[in-house]
Every structure is written in structure tokens, then in C-alpha cells.
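Everything on this sheet refers to the single structure shown next.
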Amino acid sequence: MSNQNGRFGLHGGQYIPETLMNAVTELEDAYNHYKDDPQFVKELEDLYNNYAGRPSRLYYAAHMSQDLGGAKIYLKREDLNHTGSHKINNVLGQCLLAKKMGKKRIIAETGAGQHGVAAATAAALMGMECEVFMGEEDTKRQALNVYRMRLLGAQVHPVTSGTGTLKDAVSEALREWTKRIDDTHYLLGSVMGPHPFPVIVRDFQAVISREIKQQLLEKEGRLPDVVMACVGGGSNAMGAFYHFIDEPSVRLIGCEAAGRGIHTAETAATIATGRLGIFHGMKSYFCQDEYGQIAPVYSISAGLDYPGIGPEHANLYDTGRAEYVAVTDDEAVEAFEYLSRIEGIIPAIESAHAVAHACKIAPSMDKDKIIVVNISGRGDKDCASIARYRGEDLYES
Ligand SMILES: *Cc1c(COP(=O)(O)O)cnc(C)c1O
């Protein structure tokens with residue numbers, strides 16, 4: 001889907017310091033070699049099935065469908081994976097690749113800690129050293145995940161530069177990689193950064209749409225009409241979209257975090273409010289201030305508050321192949337509570353953004369139409385903050 005220079009239309013590329021060129025070239029060569037290597041493919045499939053718990057279920061949400069009174073809604077249950085989200089698909093793939101490349105050490109960035117925990121998990125499994133860069137602000141807000149990473153044998157480095165959040169953690173991890181590339185792989189957590197990361201992460205996440213296609217064919221004998229997923233950097237959405245991109249009858253909808261609204265400063269909706277720019281090694285859309293500096297972003301969902309979007313999404317938007325909508329905190333919280341009550345499934349607050357949009361469009365669709373909503377993760381991690389949003393203090397931090 002990308003051409004040889006790692007471009008998606010005018011997006012993507014490799015805007016990186018000279019010192020990193022060798023590392024990304026080595027990674028690209030290794031990936032091109034192993035991705036079709038039968039032994040590699042078999043080992044990864046074994047990890048997906050026996051460690052991560054794949055294939056994840058495609059669940060017909062009968063109560064929700066009936067209650068909304070329109071399209072049939074299926075939920076792709078990535079929340080049932082080991083470590084509770086789609087992130088395990090990417091970390092197992094990249095860790096296995098790094099190991100084949102002879103790397104001994106993994107570095108990773110994390111925001112809320114979800115990717116850091118997944119990276120530490122894969123590193124523990126494969127006997128590799130793991131160091132995670134995390135904004136200092138985030139280490140305080142997400143103390144439990146810091147503990148989890150340490151429990152899994154990883155070292156966590158608080159990052160104090162900038163605003164001490166996710167974007168600064170990515171910058172620091174890129175910097176650290178330039179210092180030590182011989183034995184170190186940078187395990188990037190979403191479909192972003194310099195080529196080949198957007199391609200590698202998308203390919204490892206594409207297992208999601210491969211399974212949806214097959215599972216829905218078994219259940220309904222046809223393709224879905226709509227596939228939707230939440231978008232932070234965009235990895236779970238790219239994974240859910242990928243095998244449908246060449247199926248023009250399937251509408252693809254990415255749900256961004258509007259935060260308190262796209263007309264406020266407290267938003268993380270990149271497509272709705274961002275502009276073309278270059279950051280973290282790629283050309284894409286970014287939330288920026290009037291001087292072109294990366295703007296601070298906000299969402300109730302820590303996993304969606306990245307100020308950019310992966311280059312393949314930027315291109316899917318430019319070409320009109322996918323649509324992007326913005327969902328507010330209020331709408332997401334309501335959907336979080338709704339899905340819990342009506343189906344007994346507590347979704348991650350990130351995933352609840354996609355659930356909220358399904359609730360908006362399903363009622364006006366015919367009963368024979370089918371929507372698949374990717375449930376990127378489970379919501380246990382969000383209970384304390386949603387309770388606080390509703391004015392209840394669970395005495396957790
Ligand atoms: C990290 C995360 C996201 C956002 O990341 P993408 O790369 O956009 O998928 C969404 N949902 C959950 C549960 C996450 O942990």
C-alpha cells in the first residue's frame with residue numbers, strides 16, 4: 001500500500017537524523033526478509049494463538065442492535081486479548097522480528113502505559129531487556145502501569161522535556177535509539193513515525209481485519225457495510241480497515257477524540273483540527289499552534305491524545321477512502337456506560353469513541369445492514385477516571 005519510499009500519497013517518509021538512517025534501513029531489510037519467511041510467519045501465528053489468545057471473537061451485539069433499532073452491530077473483541085487490547089498484536093510481531101535481527105534490547109515509548117505494558121510483556125516472554133520512556137506527568141497519573149512494567153522486568157524512564165507527555169516520550173525514545181542502535185530495537189507503538197514503522201505496525205495489526213472478514217463470512221456470508229474504530233495514532237483502526245480497503249462497498253470510519261469539542265483548545269481530533277506538518281519522522285496531519293509548533297492535546301482517553309495521525313490514515317482521508325469523525329468526551333463516556341449495561345461488556349474509553357458513533361448512525365440504517373465496531377481494549381483501566389468524571393471518587397489514582 002505504500003510505495004518504495006514509504007509514502008502514502010504525500011504523507012509518510014523518513015524525516016530523521018542521518019544517524020538513524022542505518023537503523024531504519026536495517027529494519028526495513030530485515031522486515032522484508034522475514035515477513036514472508038514461513039518459519040517467522042508460523043512462529044508469530046503460534047504466539048498469536050497460544051499466547052495472545054487469537055483469534056479474537058466477532059460478537060453479534062443482539063441487545064444493542066435491537067435497542068438502536070437499525071443496522072446489525074458486531075463487536076470485534078480485541079479487548080479479550082492477553083494484556084487487554086490490540087497492542088499485543090504489534091509487540092509480539094516486532095519483538096519476534098527484533099530477536100531474529102539479533103537485538104537484545106527493546107526500547108519503547110508509552111503514554112498512559114498500555115503500549116509500555118504490552119512491550120514489557122513481549123520482552124519478558126522473549127527474554128529481552130526492555131526500557132520504556134514515559135512522560136513524567138504520565139508516570140504520576142498512571143502509577144499502576146509503571147508498577148506493572150517494573151513487575152515485568154522493564155525499566156521506566158520518566159521524560160521531563162516538553163510537556164512531559166506522550167509526544168515527548170516518542171522524541172526521547174527516538175533520541176535514545178540514535179545513541180545505541182547495534183543491540184537495540186525501537187518498538188514503536190502505533191502506525192506512525194518514520195518508514196517502515198507505519199507499514200510494519202499496520203501489517204501486524206492487519207490480523208484484525210483478516211479475522212473480521214473470515215468470521216463475518218462464516219456468520220453472515222458477506223462483507224460488512226461499515227467498519228469503524230477509534231483513532232489515536234491509528235493502529236487498531238488500520239488493522240481493522242486494512243483488508244477492506246480494496247472493497248469499495250465497505251465504508252471505513254475512524255473516530256477521533258474531540259475531547260471537550262473541536263471548537264475548543266481541549267481536543268485531540270487531528271483530522272478535524274490539524275494541518276499538514278512534519279514531526280516524529282513523518283509527514284502527516286498534526287494539531288499545531290499558529291506558529292506550526294505541536295499543540296497540546298486533550299482527551300478523557302489517554303490512548304487517543306496523540307497530536308498526530310499515522311500517514312496512511314492521512315492519505316485515506318485525502319483520497320476519501322475513509323471518513324473521520326470526532327467524538328466528544330461526553331459522548332464516549334455515555335457509550336462506555338451504555339455498552340457495559342446493554343451487553344455486559346466494559347470497553348476501553350478509547351473504544352467507546354467508536355461505540356458512540358455506531359450509536360449515532362445505526363438507528364437510521366436498514367436492519368439488513370451490518371456495522372463492525374472494533375473494541376480495541378477493555379475498560380477496567382478506565383473505571384476510576386470515568387467514576388471521577390461522574391463526580392464519584394473511588395480513592396484510586
Ligand atoms: C493505545 C490504544 C488505542 C489508540 O492507539 P491506536 O494506535 O490509535 O490504535 C486505542 N485503544 C486502546 C485500548 C489502546 O490501548
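As a basis for the values below, the full set of heavy atoms in this structure was taken, side chains included, without hydrogen atoms, waters or symmetry mates. Counting convention: from 1, in listed order, for ligands and their atoms alike.
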Cys95 backbone acceptor or donor facing His185 side chain under 3.5 Å: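 Looks like no, no N/O pair under 3.5 Å.
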Look at the side chain of Lys213 and the backbone N and O of His243, then say whether any donor-acceptor pair between them is shorter than 3.5 Å.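 Checking the backbone N and O of His243 against the side chain of Lys213, a donor-acceptor pair under 3.5 Å is found.
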Is the His33 to Phe40 ring centre distance short of 6.0 Å?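 Here the rings of Phe40 and His33 have centres that are no less than 6.0 Å from each other.
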In this structure, is the centre-to-centre distance between the rings of Phe8 and His313 below 6.0 Å?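 No, they do not, as the ring centres are separated by 6.0 Å or more.
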Check whether any N or O atom of [X], backbone or side chain, sits under 3.5 Å from an N or O atom of ligand 1, and answer yes or no.
X      : answer
Gly232 : yes
His86  : yes
Gly233 : yes
Val231 : no

Residue, atom name and distance, where the atom is the protein heavy atom closest to atom 6 (P) of ligand 1: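 Answer, as residue, atom name and distance: Ser235 N, 3.3 Å.
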If you have a sec, work out which protein heavy atom is nearest atom 4 (C) of ligand 1 and how many Å separate them, to one decimal?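 Looking only at protein heavy atoms, the one closest to atom 4 (C) of ligand 1 is Gly303 O, 3.3 Å.
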Heavy-atom nearest option to atom 3 (C) of ligand 1, drawn from Gln114, Lys87, Arg378, Glu78: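 Looking at heavy atoms only, Lys87 sits closest to atom 3 (C) of ligand 1.
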Check ion pair Arg77-Glu211 (N to O, under 4.0 angstrom):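 A salt bridge is absent here (no side-chain N lies under 4.0 Å from a carboxylate O).
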Considering only heavy atoms, does Ser376 approach ligand 1 within less than 4.0 Å through its side chain, its backbone, both, or neither?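 The answer is both, backbone and side chain.
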So, Asn236 versus Glu350: side-chain donor-acceptor pair below 3.5 Å or not?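 No pair is found: no donor N or O on one side chain lies under 3.5 Å from an acceptor on the other.
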Pull out every atom of ligand 1 sitting under 4.0 Å from any heavy atom of Gly377, numbered as shown with elements.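 With Gly377 as reference, the close atoms of ligand 1 come out as 13 (C).
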Please list, in number order, the atoms of ligand 1 under 4.0 Å from a heavy atom of Ala348.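 Answer, ordered by atom number: 13 (C).
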Which residues satisfy the salt bridge (charged side-chain N to carboxylate O under 4.0 Å, His left out) test with Lys35, sequence neighbours excluded?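 Scan of Lys35 (salt bridge (charged side-chain N to carboxylate O under 4.0 Å, His left out), adjacent residues dropped) gives none.
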